[in-house]
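Working notes for the structure below.
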There are 2 protein chains.
Amino acid sequence: MNYESHHLSAAIKKARANLGLSQRDLSERSGLPQAQISKFENGTVDIRLSSLVALFRALGLELELVPRQVVPAVQSIVKNITPRSTIDVKLLARAKMALNCVLQQLARLNQSPGKLEYLKEYSHFLERTQISAIHTKSFKRWTKFLERLKTDSFDNKKIELLIKRTEELRNQLEQASDSSIQDPFSRPAYSLD
Amino acid sequence: MNYESHHLSAAIKKARANLGLSQRDLSERSGLPQAQISKFENGTVDIRLSSLVALFRALGLELELVPRQVVPAVQSIVKNITPRSTIDVKLLARAKMALNCVLQQLARLNQSPGKLEYLKEYSHFLERTQISAIHTKSFKRWTKFLERLKTDSFDNKKIELLIKRTEELRNQLEQASDSSIQDPFSRPAYSLD
DNA sequence: AATAAATATATATTATAAGATATCAGAAAA
DNA sequence: TTTTCTGATATCTTATAATATATATTTATT
């Protein structure tokens, strides 16, 4: 890359990772082919503005032209104000759907009602909790696991595994929300009047 | 324009105007052909990222990727904090040079010493004053007028005209610096800690 | 009204992005 | 181990940006 726009591709790569999207996911959203995204992220293509716009729009980002002098101020805003980016809405919806399917199947089976209750509660937990972008990957894995579960036939081992992985995830998320309270960056370092 | 990036071309057009640059000037600085700049500013071309970068770099701008949520905050910064963008340094240098030439010629002629004094004083005024971007156009015109003057043969009429136009410009600039004091936007609406 | 400056178009050539699609290698999960 | 997921490459066609250059059109300036 000669024209120093690596920071753009890096930013997009990061944003994509934060949302837990694969290049293929982003490809679907943005309409660009996955191959193109890969090339852009690696700086082996000089993409057109429209492609760039498609990419960052799909990631909830906007391009702003700012005078060089105020770049630090802008960057500080972006760092400090940005609410801990929450998980991708589509991913969350996917998770809820998968969880509901599993819950329904469990209810139909009518065995291990305790586990059913636990998972129901977890479903509510999902409603309440703002899932930090940091854990998107774990969350995505868990969702995929759910999705696979519902197609397979249920057996006790699988339900055990589900409970186990769910507890793991919950622990991760709860830890995160604790630490975010102490996080000095969670309070903005400026104020607008 | 289908890909909604008019605000980018508009920003560049504006920045260019603020610096008092013509498309040809910008072309020279950025290395892009004037025709390309025209097409971009009119949204009839989907330029590549490298071209965009060349353009905004030549204008002292940077491209920042900003989460949609904080776009208003960033725009407010750019509007309010941006120090009243000063005139292009090259243009200023050009003006000083032209003025000096004229001063020397006047000195050599050794007539109308009062006018000579006035212009000398104005030369110092230029050193002190931060010329608002708003008046770049007038300033550029004045500079060009000076440049034309020095090649022509001097006569009293021309010197009169020079004084007149210089006074006009000075008034404009002084008015500007007055109003900027009262300008509510000249004080930033936020503070960084 | 005439001239000049700035901007918008036009043309022709070359380079390369876009797009569709397939494949490959490595990592992760089963 | 086998399968699935992910990211990087490759190939081919088509569309269009880049570039140089010229010219027209619009806008200031004298």
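Here is the naming used below: chain letters follow the sequence lines, and residue numbers restart at 1 for every chain. Predicted model only: the values in this text are computed from it and were never measured.
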Atom-pair distance ([atom1] on [X]; [atom2] on [N]), nearest Å:
{"X": "A:F40", "N": "D:dT9", "atom1": "CZ", "atom2": "C1'", "answer": "18 Å"}
{"X": "A:R48", "N": "C:dA17", "atom1": "CZ", "atom2": "P", "answer": "8 Å"}
{"X": "A:E28", "N": "C:dG19", "atom1": "CD", "atom2": "C1'", "answer": "16 Å"}
{"X": "B:D46", "N": "D:dT14", "atom1": "CG", "atom2": "P", "answer": "21 Å"}
{"X": "A:L21", "N": "D:dC5", "atom1": "CG", "atom2": "P", "answer": "16 Å"}
{"X": "B:K39", "N": "D:dA22", "atom1": "NZ", "atom2": "C1'", "answer": "13 Å"}
{"X": "B:K13", "N": "C:dT7", "atom1": "NZ", "atom2": "C1'", "answer": "9 Å"}
{"X": "A:I47", "N": "D:dA15", "atom1": "CD1", "atom2": "P", "answer": "21 Å"}

Name the closest nucleotide to the B:K140 side chain, picking from C:dG19, C:dA6, D:dA17.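 Per side-chain heavy atoms of B:K140, the pick is C:dA6.
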Counting heavy atoms from C-beta on, name the nucleotide in D:dT30, D:dT6, C:dT7 closest to the side chain of B:F145.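 Nearest to the side chain of B:F145 among the choices is D:dT30.
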Quick check on side chain to side chain donor-acceptor pair (under 3.5 Å): which of A:Q69, A:Q75, A:R68 does B:E62 satisfy it with?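 Going through A:Q69, A:Q75, A:R68 one by one, the side chain to side chain donor-acceptor pair (under 3.5 Å) with B:E62 is satisfied by A:R68 alone.
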Classify the nucleic acid contact of A:R24 as base, sugar-phosphate or nothing, counting any heavy atom under 4.0 Å across all strands shown.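 If one applies the 4.0 Å heavy-atom cut-off, A:R24 turns out to touch a base.
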Using a heavy-atom cut-off of under 4.0 Å over every strand shown, decide if A:I37 touches base, sugar-phosphate, or nothing.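 Nothing, no heavy atom under 4.0 Å.
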Using a cut-off of strictly less than 4.0 Å, decide whether B:K144 has a side-chain nitrogen or oxygen near OP1 or OP2 of D:dT30.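 No, B:K144 has no side-chain N/O under 4.0 Å of OP1/OP2 on D:dT30.
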Looking at B:R141, does any N or O in its side chain come under 4.0 Å of the phosphate oxygens OP1/OP2 on D:dT27?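 Negative; the distance criterion is not met.
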Just so I know, are the side chains of B:Q23 and B:E28 near enough to count as touching, which here means a heavy-atom distance under 4.5 Å?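 The answer is no, as the side chains (C-beta and beyond) never meet within the 4.5 Å cut-off.
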Counting C-beta onward and ignoring hydrogens, is there a side-chain heavy-atom pair between B:L59 and B:I12 closer than 4.5 Å?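 Yes. Closest side-chain heavy atoms under 4.5 Å.
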Given DNA chain C, 5'-ward residue of the pair A:S51 and B:A35, judged by closest heavy atom: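 That would be B:A35.
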A:Q34 or A:G31, whichever maps to the more 5' nucleotide of DNA chain C: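 Between the two, 5'-proximity favours A:G31.
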Please compare B:L52 and A:S38 by the position of their nearest nucleotide in DNA chain D and report the one closer to 5'.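 It is A:S38 whose nearest nucleotide is closer to the 5' end.
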Step through it carefully: locate the ring centre of B:W142, locate the ring centre of B:F145, and say whether they are under 6.0 Å apart.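 Ring centres of B:F145 and B:W142 not closer than 6.0 Å.
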Ion pair check, B:K39 and B:D46, cut-off under 4.0 Å: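 No, this pair does not count.
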